[in-house]
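Heads up: the structure comes next, in structure tokens.
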Amino acid sequence: RSECLSWLFHMASTLDKACFDVFYPRVLAPNEAAHAAAIERVQPQLAKIDRHLLDHDYLACDRFTVADIIAGHDLATLRRGGFPLDEYPAVAAYFARLAARPAAIASGLFRGHGL
């Protein structure tokens, strides 16, 4: 449970903010300098998650949890903000796994984002 809560709070606070910072200057208030700076700030976080996902299918407890729901939303926000996940292959594969889940398909959250 503690592993799940740790990832959940990390996703809901730190990564969520970083992903929105990429999305905002690309979509809502275009500003290339701010967008580039936001991308630079989010990259170390994605690298850490990518390393973790090399050995895990999901973030916590080797099973799908609420932390993965928040992570899927964050990664979709990043992609909507013009950030390709290809540089982080484990994250990209994880995002594809999340997008293939029946509830994700039904939600439409991932439609139109290359999946």
Side-chain angles (χ1 to χ4, degrees):
R1 181 175 174 168
S2 63
E3 183 183 10
C4 176
L5 290 175
S6 178
W7 278 110
L8 173 64
F9 287 113
H10 175 72
M11 292 297 141
S13 59
T14 307
L15 189 65
D16 193 65
K17 166 88 168 79
C19 294
F20 186 77
D21 287 349
V22 171
F23 173 81
Y24 186 84
R26 177 69 179 250
V27 177
L28 300 178
N31 179 325
E32 285 304 314
H35 186 250
I39 285 175
E40 196 170 307
R41 286 191 305 272
V42 80
Q43 288 177 322
Q45 293 182 50
L46 289 177
K48 177 182 177 181
I49 295 166
D50 196 70
R51 285 190 301 274
H52 174 76
L53 290 170
L54 288 173
D55 298 322
H56 305 281
D57 287 337
Y58 296 103
L59 292 174
C61 308
D62 288 325
R63 63 186 172 88
F64 183 79
T65 68
V66 67
D68 300 300
I69 295 170
I70 301 298
H73 176 268
D74 289 343
L75 295 174
T77 299
L78 262 184
R79 300 229 356 212
R80 284 185 180 98
F83 188 95
L85 297 176
D86 301 343
E87 188 176 328
Y88 305 94
V91 170
Y94 169 68
F95 185 67
R97 276 193 302 283
L98 296 177
R101 295 182 62 84
I105 293 167
S107 76
L109 179 64
F110 302 104
R111 254 184 253 136
H113 295 283
L115 295 173

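Along the sequence shown, the residues carry numbers beginning at 1.
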Closest heavy-atom pair and its distance - [X], [Y]:
X   : Y   : value
A71 : M11 : CB-SD, 3.7 Å
V66 : C4  : CG1-SG, 4.1 Å
Y88 : F83 : CE1-CZ, 3.8 Å
A34 : N31 : N-OD1, 2.9 Å

Between [X] and [Y] (side chain of the first, backbone of the second, donor and acceptor by atom type, cut-off under 3.5 Å), is there such a pair?
X    : Y    : result
H35  : G81  : yes
E3   : C61  : yes
W7   : L59  : yes
T77  : H73  : yes
S107 : A104 : yes
D50  : V91  : yes

Quiz prompt | Same apolar cluster: F64 and I105, side chain cutoff 4.5 Å | solution =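 Different hydrophobic clusters.
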Quiz item: Would a hydrophobic clustering, with Ile, Leu, Val, Met, Phe, Trp and Tyr connected at side-chain separations under 4.5 Å, put F9 with I69?
Solution: yes
Straight-line distance of [X] [atom1] to [Y] [atom2], nearest 0.5 Å:
X   : Y    : atom1 : atom2 : answer
D68 : R101 : CG    : CZ    : 8.0 Å
D74 : F20  : CG    : CZ    : 12.0 Å
L78 : D16  : CG    : CG    : 10.0 Å
I49 : L15  : CD1   : CG    : 4.5 Å
R41 : K17  : CZ    : NZ    : 7.0 Å

Using side-chain heavy atoms (C-beta onward) and a distance below 4.5 Å, is [X] in contact with [Y]?
X   : Y   : value
Y94 : L85 : no
F95 : L53 : no
C19 : L75 : no

Exercise. May I ask you to check whether over 12 heavy atoms, not counting those of Y24, lie within 6.0 Å of atom OH?
Key: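 No - once you tally the heavy atoms of other residues, nucleotides and ligands closer than 6.0 Å, there are 12 at most.
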Self-check item: Full working for side-chain contact (heavy atoms from CB on, under 4.5 Å) between Y58 and L98
Solution: CA-CA 9 Å; Y58 296 103; L98 296 177; 4.0 Å; yes
